[in-house]
Amino acid sequence: QVQLVESGGGLVQAGGSLRLSCAVSGLTFSATGMGWFRQAPGKEREFVAVISTSGVLRSYANSVKGRFTISRDNAKNTLYLQMNSLKSEDTAVYYCAAGTDTLSRLIGGGMDYWGKGTLVTVSS
């Protein structure tokens with residue numbers, strides 16, 4: 001059974017930082033593309049960042065580029081999202097996702113598995 005479990009969310013002031021983690025089990029992590037998506041209250045889910053199996057290729061939404069960093073540790077089956085210079089508009093539930101399709105399709109939400117999400121609240 002595939003499981004993706006996010007952690008690290010919470011309340012932070014604007015300008016602060018948080019690091020999200022996603023522990024993955026039940027699949028070959030090193031052979032799976034990974035990504036982060038988010039959904040703000042009243043809005044549709046949107047792409048945040050994606051990373052290739054080796055970690056060499058990464059892509060970010062324009063809204064987080066330069067502030068967020070996606071990374072992975074294939075030895076620990078764990079995905080990370082380092083979020084710096086947080087803004088109130090970053091407030092959302094953040095979801096970890098896994099997929100074996102091309103990065104472009106993963107960016108479009110073509111993931112095979114999703115976590116249940118972790119809430120990030122940025123106070124202004």
Side-chain angles (χ1 to χ4, degrees):
Q1 182 181 0
V2 177
Q3 287 191 316
L4 285 71
V5 181
E6 302 94 337
S7 61
L11 175 64
V12 63
Q13 288 189 333
S17 299
L18 277 178
R19 188 195 197 199
L20 305 183
S21 298
C22 175
V24 180
S25 60
L27 53 75
T28 305
F29 184 74
S30 60
T32 307
M34 299 294 302
W36 290 98
F37 292 75
R38 68 185 181 186
Q39 186 167 19
K43 296 186 177 181
E44 293 187 352
R45 185 177 62 197
E46 64 175 1
F47 163 74
V48 174
V50 67
I51 188 168
S52 63
T53 55
S54 65
V56 171
L57 299 177
R58 311 180 193 195
S59 183
Y60 298 92
N62 287 335
S63 58
V64 307
K65 201 172 293 184
R67 300 187 297 121
F68 291 10
T69 301
I70 188 172
S71 63
R72 63 190 296 160
D73 186 334
N74 285 349
K76 295 182 178 179
N77 286 9
T78 303
L79 176 73
Y80 303 100
L81 184 68
Q82 178 66 43
M83 306 186 294
N84 299 328
S85 302
L86 283 161
K87 306 175 181 179
S88 57
E89 51 262 46
D90 294 319
T91 294
V93 176
Y94 284 72
Y95 297 91
C96 169
T100 55
D101 214 323
T102 62
L103 278 187
S104 60
R105 290 184 178 176
L106 297 182
I107 290 170
M111 295 289 188
D112 300 312
Y113 304 100
W114 296 84
K116 294 183 178 181
T118 184
L119 176 62
V120 172
T121 304
V122 184
S123 63
S124 56

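Positions are given from 1, in the same order as the sequence printed here. Values reported hereafter were calculated over all heavy atoms of this structure, with side chains retained and with hydrogens, waters and symmetry mates removed.
- For Phe37 and Trp114, the gap between ring centers is short of 6.0 Å.
- Under the 4.5 Å side-chain contact rule for hydrophobic residues, Leu79 and Tyr113 share a cluster.
- Judged as a disulfide (SG to SG under 2.5 Å), not a single pair has a partner in residues 45-76 (not counting sequence neighbours).
- Counting heavy atoms from C-beta on, the side chains of Leu4 and Tyr95 never come closer than 4.5 Å.
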Can you give each donor-acceptor pair under 3.5 Å made by side-chain atoms of residues 11-29, sequence neighbours left out, with the distance rounded to 0.1 Å?
| from | atom 1 | to | atom 2 | distance (Å) |
| --- | --- | --- | --- | --- |
| Ser17 | OG | Asn84 | OD1 | 2.9 |

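- Criterion: ILVMFWY side-chain heavy atoms under 4.5 Å apart, direct or through other members. Under it, Val2 and Met34 are part of a common hydrophobic cluster.
- For the atom pair OG of Ser30 and CG of Asn77, the computed distance is 7.5 Å after rounding to the nearest 0.5 Å.
- Judged by distance alone, with hydrogens and angles left aside, the side-chain atoms of Thr32 form no donor-acceptor pair with the main-chain N or O of Thr100 at under 3.5 Å.
- Take Tyr94 and apply the ring pair (Phe, Tyr, Trp, His ring centres under 6.0 Å) test, not counting sequence neighbours, and it matches no residue.
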Identify all side-chain donor-acceptor contacts of residues 44-62 below 3.5 Å with residues at least two apart in sequence or on another chain.
| from | atom 1 | to | atom 2 | distance (Å) |
| --- | --- | --- | --- | --- |
| Glu46 | OE2 | Arg38 | NE | 2.6 |
| Glu46 | OE2 | Arg38 | NH2 | 3.1 |
| Ser52 | OG | Gly55 | N | 3.4 |
| Ser52 | OG | Val56 | N | 3.4 |
| Ser52 | OG | Leu57 | N | 3.0 |
| Ser52 | OG | Leu57 | O | 3.4 |
| Ser54 | OG | Val56 | N | 3.3 |
| Arg58 | NE | Gly55 | O | 3.1 |
| Arg58 | NH1 | Ile70 | O | 2.7 |
| Tyr60 | OH | Ile70 | N | 3.0 |
| Asn62 | OD1 | Lys65 | NZ | 3.2 |

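- Linking ILVMFWY side-chain heavy atoms closer than 4.5 Å, directly or via other members, places Val120 and Val64 in a single hydrophobic cluster.
- Distance check: Leu86 CG to Ser123 OG gives 10.0 Å after rounding to the nearest 0.5 Å.
- Looking at Glu6, its side chain does come within 3.5 Å of a backbone N or O of Cys96 through a donor-acceptor pair.
- Pairs of residues two or more places apart, or lying in two chains, never qualify as salt bridge (Lys or Arg N to Asp or Glu O under 4.0 Å) while including a residue from residues 115-124.
- When the salt bridge (Lys or Arg N to Asp or Glu O under 4.0 Å) test is applied to Asp101, the partners found at least two apart in sequence or on another chain are Arg105.
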